[in-house]
Amino acid sequence: MKSVLKIVNAALPLRDESALFTLSAEDGIWTAVERQAGAVEPSPATMTIDGWNGAMPAEGGALLLDAGALATLPAFIDAHMHLDKAFSLPKVGNVTGTLEEAVRNYSALVPGFTKDELKARMMRAALQAISFGSTTLRTHLDFHVRHGKEVALRTIEAALEVREALAPYATIQLFPMLPYYDLTEEALDTAAEALRMGVTGLGGAPHLSPEPKPDIDRVFELAEKHDCPIDLHADESDNPNIRTAAYIARKTLDYGWSGRVTAGHLCSLAAMADEDARPIISLLAEAGVGAVTLPGANLYLQGRHDRFPVRRGVTRVKELLAAGVPVAAASDNIHDPFHPFGRGDLLLIGLVTAYAAHMGSPADIREALRMITDYPAAVVGVRSGIEPGLAADFVVLDAATPEELLTMLPERRWVWRRGRCLRAAAPRAEWNGGALQSYWEDACERVSFRQGRD
Ligand SMILES: [Zn+2]
């Protein structure tokens, strides 16, 4: 007997806003997505999602839900996190708030982090992200080979254990960040060992290297040898002359690594003139390099050394998208010395992206939602969507439209992984009831206001 999930009256705002849909899944895989002629009358066995307590039927049973026209999106994909660093701010600190001090302070304390401590931070950050609706997470990992192999591999071991423990709830990709100073043979051997242990691909921040090009060359050689993807922090700088992105794109073309290379941050693109940025953007598009914008961390970190006017540091999101580059919006650091805020909620990051990139038109708002769903799927190389044959990883949110999603950032969400509900929202009556309802009634009484009156 197959486990069946059927949801009627689902709104799919990224697919077609003129209709509601009936979604069917079996054993965690979508089997049908049917456009309804109008709102359908649910069968007696169907529960409203709002009143449902989240209980799943036994294996082989059927769950029938009425989504009540709530927005249903593919589960979010956080394409760039630092799970190992998340929530380390109380321990590490950063007085100046600069990227330089963050790197320095974190690096100094890395040898003292125990594996258990690293695992605890990663678990907390990942579970929080999952609770907000992300079921695919790509995390970069500190890889401090200069403190010795044992220190570098301690983080890797912790991450592999967390990935395994959370496998029922999320797909987690791991990218150790190769050192940006003097990429030694020992560092490369240790990276090869991490790949053998099971990390997903190779990361790094070559723009920080005194010799970025040879470092990038070696990352590509190693990636080819191990047949793995590359995800680099690229040009996280206000200096318009830092342009490793162009070299990364050329190497991608040379190696035929299209679709397997990601460039995150791309801040210097925002600091340079249009005529300098244009050819780099074209090259990224031609090479099939995916881009990730990290607006929270970059609005916070960039422009630190400017006097007014202060640069904002967020890459050219609209121009990259217009050139055909898939651009993901992602969390980056969470409550650590690099970025004191954030909570792993990609809907919030979608809103920050919309602010930072001036995306407020109806089309822009939908694009911002694609930047946390469809585009990161392309960037991290997973298949995702509400389509027959794909995994039923999705999130239902207490909002009717994309505008409401970014305006209200609804806390009430139902998060699903492979057809199983990981988080269900409390019924609306419980959520809104009690005090708020009586205040509302009282206030209406005082101003002689009645709902429905014009
Ligand atoms: Zn990062």
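Order of appearance sets the numbers: ligands from 1, and atoms from 1 within every ligand.
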* Asked: Are S18 and D16 close enough that a side-chain donor and a side-chain acceptor fall under 3.5 Å?
  -> yes

* Structure fact -> Atoms listed for the Zn ion (ligand 1) (protein only, N, O or S, under 2.8 Å, no waters) are H80 NE2, H82 NE2, H233 NE2, D332 OD1

* Asked: Is it the case that D215 and S209 place a side-chain donor and acceptor less than 3.5 Å from each other?
  -> yes

* **Geometric class of the F394/W30 ring pair [parallel <30°, tilted 30-60°, perpendicular >60°]** => tilted

* **Non-neighbouring partners of E161 that pass salt bridge (Lys or Arg N to Asp or Glu O under 4.0 Å), sequence neighbours left out** => K115, K119

* To do: For the residue pair H339 and Y300, categorise the inter-ring angle as parallel (less than 30°), tilted (30 to 60°) or perpendicular (more than 60°).
  => perpendicular

* To do: Answer whether the closest heavy-atom distance between the side chains of H265 and D332 falls below 4.5 Å.
  => yes

